[in-house]
2 protein chains.
Amino acid sequence: MVSNERVGRSLLRQEVSERIKRYILDNRLRPGSPLPTENELCAALGASRSSVREAIKTLDALDIVEVRHGHGTYVGGLSLSALVEGLTFRGLLSPNDDFAVLSELVDVRELFERGNAAAIISALDGPHLDTLDDLASSMGTAVDADRVVADRRFHALLVNPLGNELVSQLTDAFWDVFTAVAPRLGLTPSDQDPVRLHKAIVHAARAGDSLAFADAVVAHYAPIRTRVAAARHAQSIRN
Amino acid sequence: MVSNERVGRSLLRQEVSERIKRYILDNRLRPGSPLPTENELCAALGASRSSVREAIKTLDALDIVEVRHGHGTYVGGLSLSALVEGLTFRGLLSPNDDFAVLSELVDVRELFERGNAAAIISALDGPHLDTLDDLASSMGTAVDADRVVADRRFHALLVNPLGNELVSQLTDAFWDVFTAVAPRLGLTPSDQDPVRLHKAIVHAARAGDSLAFADAVVAHYAPIRTRVAAARHAQSIRN
DNA sequence: CTCAATTTGTTCGTATGTATG
DNA sequence: GCATACATACGAACAAATTGA
């Protein structure tokens, strides 16, 4: 009696997932907008609660929907949390060469700042530069936890003036993955004169010298790169 | 008998998800390695079938595990498929300014090639350059579908010699998102002399001129940028 | 504050579809 | 064709969280 017109090729929960996405798009919902309850979705889509829930969990993992226990289901924030979780796990799994992912991550993080040198410099204004300088200074006096927070904020503010939301979120995401993976692989933070390395970037930006800016960015990542390479080499010897 | 020491803060399926990830890491499994069956996981983790299945669906969405109907559950390929699906959905949802995501995507795609100009040039060898030339040529004669395939392959091969798996996968991912979102927003491909624009990149690489390479990359994305900007402007007028 | 209503979380039992030998 | 092992799907019941009367 149940409408059984779905062909065998596709899985039901995939269909349900697609239809929930289409529901959001067709109704032009925004992040935070409420979705129908699970039971309403069951009735509307002609699927059991289990299938609807599994579909919702898939969308939840991608931050396309967000589920609040006892409250309801809502359109998600569309963040890059799935990228962070996936890359973090990959970084922890990499066989035989755990540090390859870290090494590649440093390359990409450097690219985002070095490759946008000219655009960043022309977009940075005075107050912004002062904030960056303050953050760099705080890396000398603050305790470890605060220093890490300041570092994350520094690199986020560095690319924010570009006005590219995707670049900003990717910058945060890669920073998050790196700081999540590195310690779990036994890699301690470099902390090699962070104040000077960060201030050099700000100084070059203030001078409007994009070549010096790029050099300062490279210099900033150099000690990190060295530490990763050393750990990588030590591991390759062990194997 | 069941360890019920989980405090209220965490959801059971989250715990199950974490423990499955730890199982993979602790046993040093590789992509493709088989995981215990659902029933075995239920017994091992003291959770019901539904909770285990919902946890697995979460990990499946991140390509951390891969489920084959009637076959079993395996460690996933750890691809960036979740990033592609998430960004694609974001591109289709963006309120009032659908083309902002496309515009940002072009920036990032250009950055990956322009910002790595020097490294790409020094890593490219003769045969590689010949392949790129052939791909560029095929964009003139081939039908639409083949032309798209050639374009994807061209940009993939351009960054591949860097030897950075993450860069290669991100390049593919951003290309996939762009080509998935653009047509659904009514944006037709630019196709403005693709042979010349791509050959110019290869030519600059062959000459070992990283400045010319960067310029050629910018020129390549210029018509795409123009089309996106035009569509964006037209939309802002409508609203 | 307590109670009731709503909604998601979790469990269990059963039946079906799929792949392998 | 058959048997086995596995994931898929359904439905009913109860638990836990949140909100508001």
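Here the structure is a predicted model, which is why all the values come from computation and not from measurement. Throughout, a chain's letter reflects where its sequence line sits, starting with A, and its residues are numbered from 1.
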If I compare all heavy atoms of A:Pro34 with all of A:Leu29, which pair ends up nearest, and what's the gap?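 In terms of heavy atoms, the two residues are closest at O-CD1, 4.2 Å.
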Select from A:Val52 and B:Gly72 the residue whose nearest nucleotide in DNA chain D is closer to the 5' end of that strand.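 On the 5' side of the pair lies B:Gly72.
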Nearest-Å distance, [atom1] ([X]) to [atom2] ([N])?
X: A:Glu38; N: D:dA9; atom1: CD; atom2: C1'; value: 16 Å
X: B:Leu45; N: C:dT10; atom1: CG; atom2: P; value: 13 Å
X: A:Arg13; N: D:dA7; atom1: CZ; atom2: P; value: 11 Å
X: A:Ile56; N: C:dT7; atom1: CD1; atom2: P; value: 13 Å
X: A:Arg49; N: D:dA9; atom1: CZ; atom2: P; value: 17 Å
X: B:Glu54; N: D:dA7; atom1: CD; atom2: P; value: 16 Å
X: A:Gln14; N: D:dA7; atom1: CD; atom2: P; value: 16 Å
X: A:His71; N: C:dT7; atom1: NE2; atom2: P; value: 11 Å

Where does the angle between the aromatic ring planes of A:His155 and A:Tyr221 fall among parallel (under 30°), tilted (30 to 60°) and perpendicular (over 60°)?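 A:His155 and A:Tyr221: tilted rings.
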Within the structure, does a side-chain N or O atom of [X] lie under 4.0 Å from either OP1 or OP2 of [N]?
X: A:Thr73; N: C:dT8; result: yes
X: B:Arg53; N: D:dT8; result: yes
X: A:Lys57; N: C:dT8; result: no
X: A:Arg68; N: D:dT18; result: no
X: A:Ser51; N: D:dC10; result: yes

Pair B:Lys57 + B:Glu54, salt bridge at N-O below 4.0 Å: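 Answer for the salt bridge query: no.
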Ion pair present between A:Lys21 and B:Glu85, side-chain N to carboxylate O less than 4.0 angstrom?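 Between B:Glu85 and A:Lys21 there is a salt bridge, with a charged N closer than 4.0 Å to a carboxylate O.
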With a 4.0 Å cut-off on heavy atoms, is A:Ser50 in touch with a base, just the backbone sugar-phosphate, or nothing at all?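 The answer is base, as A:Ser50 lies within the cut-off (heavy atoms under 4.0 Å) of a base atom.
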Suppose we call a contact any N or O donor and acceptor under 3.5 Å apart; does that hold for the side chain of B:His69 and the base of C:dT18?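 In this structure, the two groups form no donor-acceptor pair.
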Quick check on B:Arg153: does its CZ atom have over 12 non-hydrogen neighbours (other residues, nucleotides or ligands) under 6.0 Å away?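 Atom CZ in B:Arg153 is not packed in, count stays at 12 or less.
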Nearest-nucleotide pick for B:Thr37, side chain only, options being D:dA7, C:dT7, C:dT11: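 Minimum distance to the B:Thr37 side chain belongs to D:dA7.
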